Amino acid sequence: MTRTWTRWIPCRRLAWVAWLAAGVGLVVGGGVGSARAELTVSAPLDVQASPGTSDPVNFFDVILSADPSGPAFEVNGFTVDVSISDLAGVVFTRATNETSTTYLFDGVNASPIDFNLFDSDTRITFFALGDSAADVRQVQPGQSFGLGRVYFNVAANAPESPAIPLVLSQALTEILDSSATGFTITLVDGSLRIEATPLDAIPEPTTWALTATLLGLVGGGVVRCRRHIRAA
């Protein structure tokens with residue numbers, strides 16, 4: 001049976017404002033009156049790629065981390081939305097659970113990670129949900145888990161760029177408990193760097209000339225050797 005959930009975050013935010021207006025402290029993530037989020041979703045800060053490269057060579061992981069001094073959490077589902085400028089020459093292709101850090105629902109009964117592509121493939125949303133409300137991942141203080149690995153292609157004519165933002169959507173990225181309520185989270189955007197093939201990886205003209213000379217000498221030696229043998 002497929003489970004669905006409703007996004008309650010906007011309502012929670014309105015209620016939060018009302019409580020503040022009334023001068024009443026709000027309990028968030030087990031702390032009274034605390035504005036600090038104990039869960040962080042982050043994209044990597046320096047993904048490197050070259051023009052003309054593609055999936056499966058190009059990828060990055062999105063990570064969920066819990067504050068070492070915060071409480072434990074029971075996570076039942078997540079949605080991550082990440083985008084990149086359409087001027088970068090980069091398009092997303094897919095998302096999987098093959099993260100370097102242990103995947104959040106590894107060993108948990110959950111739906112396979114799924115994804116959708118938007119805005120000419122410059123935006124990707126990926127998500128997963130526990131099979132039931134009891135299928136949760138216990139996230140202890142200080143622990144980190146992978147939410148998904150995002151693959152991408154870089155156009156052959158993509159301009160070189162030192163830092164193209166990988167933007168996590170505040171409105172669409174959420175971590176859910178078993179009642180489909182979103183936890184308060186902090187988002188940390190990443191960046192992607194496009195660089196041409198390093199010059200030291202391309203042989204210089206003198207190197208090509210030396211290589212050709214050596215090949216000529218070797219080839220001449222083989223011919224002379226064969227002629228010598230035939231003459232004998």
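Remember, predicted model here, so these are calculated numbers, not experimental data.
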Any side-chain donor-acceptor pair under 3.5 Å between Thr181 and Ser179?
-> yes
Check whether Phe105 and Val41 end up in the same hydrophobic cluster, where Ile, Leu, Val, Met, Phe, Trp and Tyr are linked by side-chain heavy atoms less than 4.5 Å apart.
-> yes
Between the OG1 atom in Thr184 and the CD atom in Glu38, the distance rounded to the nearest 0.5 Å is 8.5 Å
Could you state whether Val80 and Tyr103 fall into the same hydrophobic cluster, counting links through intermediate Ile, Leu, Val, Met, Phe, Trp or Tyr residues with side-chain heavy atoms under 4.5 angstrom apart?
-> yes
Heavy-atom side-chain contact between Asp67 and Leu39 under 4.5 Å = no
Find out whether Asp177 and Glu74 are in side-chain contact, i.e. whether some heavy atom of one side chain is under 4.5 Å from a heavy atom of the other.
-> no
So, Thr101 side chain and Phe145 main chain: donor-acceptor pair closer than 3.5 Å or not?
-> no
Report yes if the side chains of Asp106 and Arg137 come closer than 4.5 Å at any heavy-atom pair, otherwise no.
-> yes
Minimum heavy-atom distance Glu195-Pro51, with the two atoms named = O-CD, 3.2 Å
So CZ of Phe118 and CG of Asn116: to nearest 0.5 Å the spacing works out to 4.5 Å
Below 4.5 Å, heavy atoms only, C-beta onward: do Leu176 and Val75 meet side chain to side chain?
-> no
Any chance you could lay out the side-chain contact (heavy atoms from CB on, under 4.5 Å) test for Leu104 and Leu64, step after step, and finish with the verdict?
-> CA-CA 8 Å; Leu104 179 69; Leu64 173 69; 4.0 Å; yes
Determine yes or no for a side-chain-to-main-chain donor-acceptor pair under 3.5 angstrom, with Ser50 supplying the side chain and Thr53 the backbone.
-> no
How many angstroms lie between CG in Asp121 and OG1 in Thr93, if you round to the nearest 0.5 Å?
-> 8.5 Å
Could you tell me which non-hydrogen atom of Asp46 sits nearest to which non-hydrogen atom of Arg193, and how far apart they are?
-> OD2-NH2, 2.6 Å
Correct closest heavy-atom pair for Asn97 and Ile113 would be N-CG2, 3.8 Å
Determine the sole option in Thr96, Thr99, Asp61 for which the side chain to side chain donor-acceptor pair (under 3.5 Å) test with Arg149 is passed.
-> Asp61
Are Leu117 and Val167 grouped together when hydrophobic residues (ILVMFWY) are joined by side-chain heavy atoms under 4.5 angstrom apart?
-> no
When the aromatic ring centroids of Phe73 and Phe183 are compared, is their separation below 6.0 Å?
-> yes
Can you get from Val62 to Ile164 by hopping between Ile, Leu, Val, Met, Phe, Trp and Tyr side chains that sit under 4.5 Å apart?
-> yes
Roughly how far apart are Thr102 OG1 and Gln143 CD, rounded to 0.5 Å?
-> 9.0 Å
Same cluster for Val91 and Val82 if Ile/Leu/Val/Met/Phe/Trp/Tyr side chains link at under 4.5 Å?
-> no
Intermediate values then yes/no, side-chain contact (heavy atoms from CB on, under 4.5 Å), Leu147 and Ile63 | CA-CA 6 Å; Leu147 293 177; Ile63 304 297; over 6 Å; no
Does Asn76 reach the main-chain N or O of Ser132 with its side chain, forming a donor-acceptor pair under 3.5 Å?
-> yes
So, the side chain of Asn58 versus the backbone of Asp55: is there a donor-acceptor pair under 3.5 Å, distance only?
-> no
Phe59 vs Tyr151 aromatic rings, parallel, tilted or perpendicular, using cut-offs 30° and 60°?
-> tilted
Could you tell me whether a side-chain N or O of Asp189 sits under 3.5 Å from a main-chain N or O of Leu168, the two making a donor and an acceptor?
-> yes
Could you walk me through whether Phe152 and Ile124 pass the side-chain contact (heavy atoms from CB on, under 4.5 Å) test, one step at a time?
-> CA-CA 10 Å; Phe152 61 94; Ile124 186 170; over 6 Å; no
Spacing of Ser85 atom OG and Asp119 atom CG [to the nearest 0.5 Å] = 11.0 Å
What's the spacing between Thr186 OG1 and Gln170 CD if we round to 0.5 Å?
-> 8.5 Å
Exam field: side chain Arg94 to backbone Asp114, donor-acceptor pair closer than 3.5 Å = no
Search all heavy atoms of Pro159 against all heavy atoms of Ala88 and return the closest pair with its distance.
-> CD-O, 4.1 Å
Ser144 and Ser65 have their tightest heavy-atom pair at OG-OG, 3.0 Å
side-chain contact (heavy atoms from CB on, under 4.5 Å) evaluation trace for Thr79 with Thr173 | CA-CA 5 Å; Thr79 299; Thr173 298; over 6 Å; no
Taking all atoms of both residues into account, what is the closest heavy-atom pair of Phe92 and Thr122, and its distance?
-> CE1-O, 3.2 Å
